[in-house]
Amino acid sequence: MARRCIVLLMVIFCCASSKAQKDSIRIAFYNCENFYDSFRDSTINDADYTPDGPRRWNYSRFLAKRNGIFKVFASMSSPTPPEIIGLCEVENRFVLNKLCYETPLSKFEYAVVHQNSSDARGIDVALIYQRNRLRLLDYRYFNPNAIDTSLRTRSILYARFKWGEFDTLHVFVNHLPSKLGGERSNKSRMLVARLLKSKVDSILAKNQSASIVVTGDFNDLPQSDALNTLNDSLLVNLAAPLATEDRGSIKFDGTWELIDQFIVSRGLINGDTPVMLKGGQTIYSSPFMLEDDKENGGTKPRRTYNGYRYNGGYSDHLPVFIELIRAL
């Protein structure tokens with residue numbers, strides 16, 4: 001059945017119109033949940049995701065995971081997958097190359113932006129983008145470890161794109177420290193959030209109308225201390241209205257929580273630039289990405305593992321996205 005779905009999606013891709021909407025793009029974010037290859041890397045804690053590890057992770061399961069992530073992005077097509085996709089919990093460039101160049105995603109000429117981080121588990125943030133739609137001008141990684149050497153966490157990815165002839169787009173991709181560790185973890189998220197805010201402020205200080213998109217898994221709710229660090233008159237958290245409706249991208253102890261978020265510069269909303277936000281943040285799901293929540297009722301994201309039992313799913317998160325339009 002899974003193989004049939006992949007073949008069907010390939011047919012749809014091959015028949016997709018080559019005349020994609022040139023006056024709009026979508027930016028998505030997806031926590032891939034432990035997108036590891038199956039090879040042991042002695043420099044990181046990846047032993048669980050090897051053939052000899054407790055999860056019995058092997059190359060076949062890696063390929064199934066890769067194909068599942070492709071299936072998620074293919075199902076988001078309108079008529080093509082999102083032009084920019086921020087990712088987290090990816091182990092290395094190898095897994096990204098396998099995703100972008102050895103699945104039908106290759107039809108859309110995605111390029112990869114990735115750098116290994118200081119994270120102890122070796123899970124990084126990355127970005128893929130359609131290079132026939134956008135031109136990458138510059139990218140950098142900001143490592144919180146440079147501020148606190150005890151903090152082995154993910155770097156912040158910053159990428160600057162040219163969309164069309166004149167429009168510059170600034171994108172930040174994040175994966176803040178998890179809540180494991182109690183109060184110390186909160187301080188760690190605050191530190192990373194302040195670093196992020198300083199980088200955003202440096203752009204806005206030069207141009208208050210700059211087109212800025214901040215996205216990621218913030219491991220916290222929109223009203224949290226860390227996210228409040230990013231609140232000011234020039235930034236808008238698009239996840240906040242959804243969170244008040246009890247909607248979420250992850251289900252924790254039976255409750256949906258929205259920790260995967262988009263924050264944008266107010267200029268994208270006010271129309272101060274030729275680029276504008278269309279609508280708000282969307283939490284994306286398709287029936288194949290969900291399963292019954294037998295303990296709490298309703299549904300939940302279908303994970304790759306339930307505990308140590310292989311479940312053959314996709315992620316414990318749902319992807320989120322926004323759409324930008326450009327005045328012609």
Q: Please confirm whether the backbone N or O of M76 pairs with a side-chain atom of R26, one donor and one acceptor, at under 3.5 Å?
A: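 Between the backbone of M76 and the side chain of R26 there is a qualifying donor-acceptor contact (under 3.5 Å).
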
Q: So, for G248 and L318, which heavy atoms are closest and what is the spacing to 0.1 Å?
A: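 Smallest interatomic distance, heavy atoms only, reads O-CD1, 4.2 Å.
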
Q: Are any side-chain N or O atoms of R302 and backbone N or O atoms of P287, one a donor and one an acceptor, separated by less than 3.5 Å?
A: no

Q: Could you tell me whether a side-chain N or O of Y129 sits under 3.5 Å from a main-chain N or O of V113, the two making a donor and an acceptor?
A: no

Q: Quick one: do T43 and D41 satisfy side chain to side chain donor-acceptor pair (under 3.5 Å)? Show the steps, please.
A: CA-CA 5 Å; T43 65; D41 183 344; 2.7 Å; yes

Q: Between F252 and L258, is there shared hydrophobic-cluster membership here, with clusters defined by ILVMFWY side-chain heavy atoms closer than 4.5 Å?
A: no

Q: Can you tell me if N228 and N231 form a side-chain donor-acceptor pair at under 3.5 Å?
A: yes

Q: For a side-chain contact (heavy atoms from CB on, under 4.5 Å) check, start with the C-alpha distance between Q130 and E109, then their side-chain angles and the critical distance, and finish with the verdict.
A: CA-CA 5 Å; Q130 294 180 18; E109 299 184 39; 5.9 Å; no

Q: Can you list the steps and then say if S211 with D167 is a side chain to side chain donor-acceptor pair (under 3.5 Å)?
A: CA-CA 8 Å; S211 300; D167 305 316; over 6 Å; no

Q: For the backbone of F262 and the side chain of Q281, can you confirm whether one donor and one acceptor N or O come within less than 3.5 Å of each other?
A: yes

Q: With a 4.0 Å cut-off on N to O distance, would you call D124 and R154 a salt bridge?
A: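 Looking at R154 together with D124, the answer is no, because their closest N to O distance does not fall below 4.0 Å.
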
Q: Please determine whether residues I123 and V72 belong to a single hydrophobic cluster, defined as Ile, Leu, Val, Met, Phe, Trp and Tyr linked transitively by side-chain heavy-atom distances below 4.5 Å.
A: yes

Q: For side-chain contact (heavy atoms from CB on, under 4.5 Å), just list the numbers for T304 and Y36, CA-CA rounded to whole Å, side-chain angles, deciding distance to a tenth of an Å, and then say yes or no.
A: CA-CA 12 Å; T304 308; Y36 284 95; over 6 Å; no

Q: Verify, without hydrogens or angle tests, whether E33 (side chain) and D316 (backbone) share a donor-acceptor contact under 3.5 angstrom.
A: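 Flag set: sc E33 to bb D316 pair under 3.5 Å.
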
Q: Is it true that a side-chain atom of N92 and a backbone atom of V95 form a donor plus acceptor pair closer than 3.5 Å?
A: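 A pair under 3.5 Å: yes.
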
Q: Is a donor on one side and an acceptor on the other found under 3.5 Å between the side chain of S106 and the backbone of T103?
A: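 Indeed, once roles are kept as given, a pair shorter than 3.5 Å links the two residues.
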
Q: Would you find a donor on one side and an acceptor on the other, under 3.5 Å apart, between the side chain of N174 and the backbone of G216?
A: no

Q: Go through K179 and D220 one step at a time and tell me if the side-chain contact (heavy atoms from CB on, under 4.5 Å) criterion holds.
A: CA-CA 8 Å; K179 289 188 175 181; D220 232 331; 3.4 Å; yes

Q: Do we get K199 above Y158's six-membered ring, with its NZ or CZ under 6.0 Å from the centre and within 45° of the axis?
A: no

Q: Near E245 CD, under 6.0 Å, is it more than 12 heavy atoms from other residues, nucleotides or ligands?
A: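 Correct, the count exceeds 12.
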
Q: Do the side-chain N and O atoms of R189 and S185 include a donor-acceptor pair separated by under 3.5 angstrom?
A: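 R189 vs S185: donor-acceptor pair found between side chains.
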
Q: Backbone N or O of G307 within a donor-acceptor pair of the R55 side chain at under 3.5 Å?
A: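 Yes, because the side chain of R55 sits within donor-acceptor range (under 3.5 Å) of the backbone of G307.
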
Q: Indicate the atoms forming the closest heavy-atom contact of S38 with W57, along with that distance.
A: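 Heavy atoms only, the tightest pair is CA-CD1, 3.8 Å.
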
Q: Determine whether I283 and V173 fall in the same hydrophobic cluster, where Ile, Leu, Val, Met, Phe, Trp and Tyr are linked whenever their side-chain heavy atoms lie under 4.5 Å apart.
A: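 I283 and V173: one cluster.
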
Q: Assign the ring pair F35 / F62 to parallel, tilted or perpendicular, where the plane angle (0 to 90°) is split at 30° and 60°.
A: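 Correct class here is parallel.
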
Q: For the NZ atom of K300 and the CD1 atom of I250, what is their distance to the nearest 0.5 Å?
A: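 Taking NZ in K300 and CD1 in I250, the distance rounds to 11.5 Å.
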
Q: Using the side chain to side chain contact (heavy atoms under 4.5 Å, CB included) definition, which of the options V236, L230, L234 pairs with D232?
A: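 Exactly one option meets the side chain to side chain contact (heavy atoms under 4.5 Å, CB included) with D232, and it is L234.
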
Q: Using side-chain contact (heavy atoms from CB on, under 4.5 Å), reason through F39 and D46 one step at a time and then give a plain yes or no.
A: CA-CA 9 Å; F39 313 118; D46 70 343; over 6 Å; no

Q: Looking at R40, I want to see if its CZ is surrounded by more than 12 non-hydrogen atoms of other residues, nucleotides or ligands under 6.0 Å.
A: yes

Q: Quick one: sort the Y314 and F288 rings into parallel, tilted or perpendicular, breaks at 30° and 60°.
A: perpendicular

Q: Measure up the Y139 and Y141 rings against each other and bin them: parallel (under 30°), tilted (30 to 60°), perpendicular (over 60°).
A: perpendicular

Q: Heavy atoms only: give me the nearest Y110-C100 pair and the separation to one decimal.
A: CB-SG, 4.1 Å

Q: More than 12 non-hydrogen atoms from neighbouring residues, nucleotides or ligands closer than 6.0 Å to CZ on R131, yes or no?
A: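 Enclosed.
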
Q: Quick one: does S117's side chain get under 4.5 Å of V125's, heavy atoms only?
A: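 Sidechains of V125 and S117: no contact.
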
Q: State whether the side chain of R266 and the backbone N or O of S233 hold a donor-acceptor pair below 3.5 Å, judged by distance alone.
A: yes

Q: Are H317 and F29 packed together at the side-chain level, in the sense that at least one heavy-atom pair is separated by less than 4.5 angstrom?
A: no

